[in-house]
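It should be emphasised that the depicted structure is a prediction, and the values quoted were computed from it without experimental measurement. Proteins get letters first, then strands, A, B, ... in listed order; numbering begins at 1 in each.
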Amino acid sequence: GLDRQVRLDADTEAQKLLVTWEDGRASTFDVEILRTELMEIVFNETVVATEDQSTGKHQWNWTSPVPLECTSLSVKVRSRDGQDVSEWSSQQILPGLDLPDNTDSQMYPEGKTVPVGSNMTFCCIVKEGQQFGSLLYKDTLVKETMLSRRTYATTMTNQGPSNPSGTNVVCSDEKKMIITGAVVFVGYPPMPSDLVCETHDLISVDCQWSKGRETYLFGMARQTYYTLNGRNCSKARDSNMRCGLEQWDGNWTLVARNLLGEFRLTDAAELGHRVRPVAPVNLTTPEVYSWNASVGWLWKYNGYERLSLICQVQRTSHSNSSTQTYTGYGLNTVVLKDLQPDEKYNVKVRCGSQKNFWKWGEWSLPLSFQTKMDRPVAPDIWLWMDSDNLGRVLWKVSTTSGYEVTLWSPEENSQQTLTLPQSMYSLPINVTDRWSKVTVTARNPAGVSLPANVVIPRHLPGKNGGKGSGFPLSWVAHANASCGYVVDWYNTSCTHDCNVEWTRVCVSINAFFSFAGNFFAGVRYTFSLYACSSESTVLLERWHGYMQELVPSRTVPRLSPNQEGSDVQLTWDQIPLEHQRGFILGYTVYLTNASHLTLLANITDPQLTNHTVKNLVLGSYKFTVKAYNAAGEDGGATVSISLDPYTYWLIMEILVALGTMTCLLIIITIACYRKRKWVKKAFYPDIPEPKLPGEWGITQGTLDVKPSPHSMVHIVEDSVWDSSKEALVTVPEEDEEGTGDEEADTDEPASLRYYNQVVEEGSSSRGRPHASDSSASSTGSMDSGHTDVTYTGIQTSPDASQCAGGGGYRPQMQSASCPEDPQTGPEEHLQPPVGSFGGYQPQCSWKQDSPEADGGGLDQACLGSPTSVTSSQFLLPYDTSEEGKEHQSSASTWFHNLLTGKP
Amino acid sequence: MSGHVKNMCPQLPISQAARTLLSLLLVAAIDSVSAGVVCRKQPCGSSLQISLKLTKLIHKESADLLKTYKVSQGDMSELFCQMSINNVPDPNISGLDPSERMLSIYSHCKAFLPHLKRVTEQQTDLQPPSSSLLSKLSTAQNRTNGLANQINCIYQTLFPNLPIPPEPVDGPTSVPPSQNVFQQKVYGCVVLKRFKEFLSRVTRELRTLKSQVCTRRTTFADTNALS
């Protein structure tokens, strides 16, 4: 039997239990491990445990599938020798963390890192007194096993990789509330690949590798760490998997390590085989010409001077891109050839080691430059014939500033030069003109291009008439016609799917050839003669012909007359080719009277399709136009016209003139309306409010009124003068009171209104319409003395009271308060109506034309300054301090005179 | 005269405050209460408005931060975010009068900072370096620090005679000692949730304070000006 106690040592992290006991002799033992609380056997096997000679003890390691913290374990050991067994040792208990004194809820294992696919048992110890509910792995409910009163466990098999923050395992109570949880990190050991070391500066090493499979492990403890030849690669992170060493070692070992394992990669090479130059820097263009340029750059490292380099220069222009290769020791300048003048280029450079080429270096930053301008190349030109004798000289557009086209006539030794802009790319040519050659040159600021020539063809299609059943053709022998001639023909008016026929003619028969075919009368045929040679066939000549000409089958289309005064111009179109049935020789124009035709003109130019009949008298006319060919005239197209008398034109002209005038007036009216403010300001400005000078103060007088800065005129309707009433009536100025919150005016005295009821004696104008504004009163009150004037806040003064003479308000009295020269502006001074008090003359101060008057004096002189209702005159003086007074005054006078009918 | 009183509102307290602020700064320099905080003189209403805007911004960001946090923690994060944890600052703002409540906001801001820092550290070890959660956490820390400084300035301006106590008034909440990964996840969630709640309350509180304190100061200025 075991004479000593069993000792237990737990490594909870590794879930390992070390059992130690003393028994000198035996080497085979029975070990029984059971969960203390529920007495469930976890392990019961015979193990071999040899004695440690130094200590004389037996040791045995057991790895528990369940974390050791989950519940208490009891271990007992007995020695075995075959079938003989000793007594069990006394039970040794490894206490779990579910003992009653440890009341908190817990979960194990926590924060472990395990490889993908591993199996793992988690246990949840519920809080003392709490009810277990369920276990969840990720978001899946898993089946649990009860290990003790408070401990429940579950085993997860073949775990998949976890999130960066780990896989959550939680334990909840019966109310689905989380009690506790744990996190497990499931990932892979590192597995990098493709370690490649190279040098850029010919001294140090730069190694790169690819990360390989994702480890799914993050964080300081779990991430992968790399070492290169034993040195830490702290910068190797994320996608930037590279590490450098100061010196070239020749052999490199990369070790990648994380919690789950490590991986080794090796690489070996000679320095000369692994040179990858850096990108060239500071690209410049020392010399730039029209067709070539040199490009230079700098190298970051001096060692490149002795290095044989191969460099690629990629140049890109707007049209294309190409790459050239250059070589040389320490190459740092190249010449780019075959460039285009005045073209923008982008170049970039990369290099590699020429000897033992390894890899291209990085591209340099691009450099832009523009080649110089050169004189343009000769334009590419062609002469295109769009009819028998009309053509266009065409040329291909290039970047130039213009073209010069010269037409030559060597026979006459003359030339004509035209200068055309850049946008032009063709010139019409009539081959019947004398010019035989066209030269086109392009021009730009750098110069003029070489000339490009084209010869204007001379062989115009000839005419040919058929004889018998065929056409006789003759031509001059051509030197290159080694294999004879080919003549083809077709119906000229055919436009689609035409039948072309041809025949080959022997070399010997070259002077005259008549050949028969299926030709019809009145149909135009085109014959082409080609010289046949071993190289190509060349068009020599072309003819048009009719087997037999017939009278045109239709009349001229679109015949129309047009009256031009006493002349009539007739215009028409050419007869379509298929209806001509012969070569049109010209046209005849007839005047038709009943059935009688009078020949007016015979036009012999078939291209001319108009005719003017001159000096006709008024009346109706009928004209007939006939086209004719060798066979005769067609039936004739007839058109009639009635010449209109000219009087209509006269009326028309008058109407047009009137219309123009009306439009002009409307435009002026609209302009005046739109600028009415300006018009009003210029011709009829607002009456300025009278201003009171500072000297006006409260003075002695019977009227207890305070001066107000405002002097307003209120025209009150329907008020008849009652002599029994006081002349002045004060009313509170209700309307003038602002309802705002400004209280600045509260210290001002209340203003009063004065109703001056001026009545023209003897006039009974009650109910008469009442002018409501000053301008209206000015224009419409020549005889009106009935409208009342209300003075608002008229200043009192001793003079005023004297003027009034105690009877009422009579500012128009000529008194000391009105010391104005009565001759001032006598013309404007209208006679006031004769009132009870001698008339109201507030215009006593009217001095619009007085240049001496100054504003202060005026204001002082004029009391109240209202507008007289019986006068069309302005009662208020202009502020003489204002600029442009004179202009305003004269303008307003003019306008006023206009209104009042004065000269 | 009465028309000028409006203008005197910001001027008078500030000239008064400037003097007291000088003496306060002296004290502050000695006991380093507000070391490194430079306050600009601003009218009461406008500085509170700025703080209010900042608070609203942080509150909005904190909601987003919490959402990002939960997504980054793996499955069932919604469930374990409901777990309770001690030693995380309480989001409630305490105090009876405006000065106390303002001080409470300030000290709460300061109290949340070490917790946010701890969460950032913990998550740095649990997230890939490119994770947006880390940048958001860092932003939240910076903004909260800024808010605390602003509140400090407003407090000094409005209550020049009341010193800022060196320790948070609501009692310190030390960051927890070592935690296992699961505890870290729960802790971070609780911190961010409370932080969000706190900011929501600060928004309300600043709105109230703005109407209370600034109006009160104006009235105070009025009586001063009239006397």
How about B/D97: does its CG atom have over 12 heavy atoms from other parts shown lying under 6.0 Å from it? yes
Can you find a heavy atom in the side chain of B/Q184 that is under 4.5 Å from one in the side chain of A/V183? no
Got a donor-acceptor contact below 3.5 angstrom from the A/R222 side chain to the B/D125 backbone? yes
Working to the nearest 0.5 angstrom, can you tell me the gap between B/L79 CG and A/K176 NZ? 10.0 Å
Measuring from A/T180:OG1 to B/M83:CE, what's the distance to the nearest 0.5 Å? 6.0 Å
Tell me, yes or no, whether the heavy-atom count around A/R231 atom CZ, taken from other residues, nucleotides or ligands under 6.0 Å, exceeds 12. no
Please determine whether the number of non-hydrogen atoms from other residues, nucleotides or ligands lying under 6.0 Å from atom NZ of B/K196 exceeds 12. no
Count the heavy atoms belonging to other residues, nucleotides or ligands that lie under 6.0 Å from NZ of A/K138, then report whether that count exceeds 12. yes
Heavy-atom count around A/E13 CD within 6.0 Å, excluding the residue itself: above 12? no
In terms of heavy-atom pairs under 4.5 Å, which option from A/N163, A/D139, A/T167 contacts chain B the most? A/D139
Just how far is it from atom CD of A/E110 to atom CD of B/Q179, taken to the nearest 0.5 Å? 10.5 Å
Main-chain N/O of A/M177 paired with B/Q82 side-chain donor or acceptor, under 3.5 Å: no
Just verifying a value: how many Å separate A/L136 CG and B/D75 CG, rounded to the nearest 0.5 Å? 9.5 Å
I'd like to know which of A/G219, A/A182, A/S165 tops the heavy-atom pair count under 4.5 Å against chain B. A/S165
Pair count under 4.5 Å, heavy atoms only, with chain A: among B/G74, B/P129, B/P128, highest is B/P128
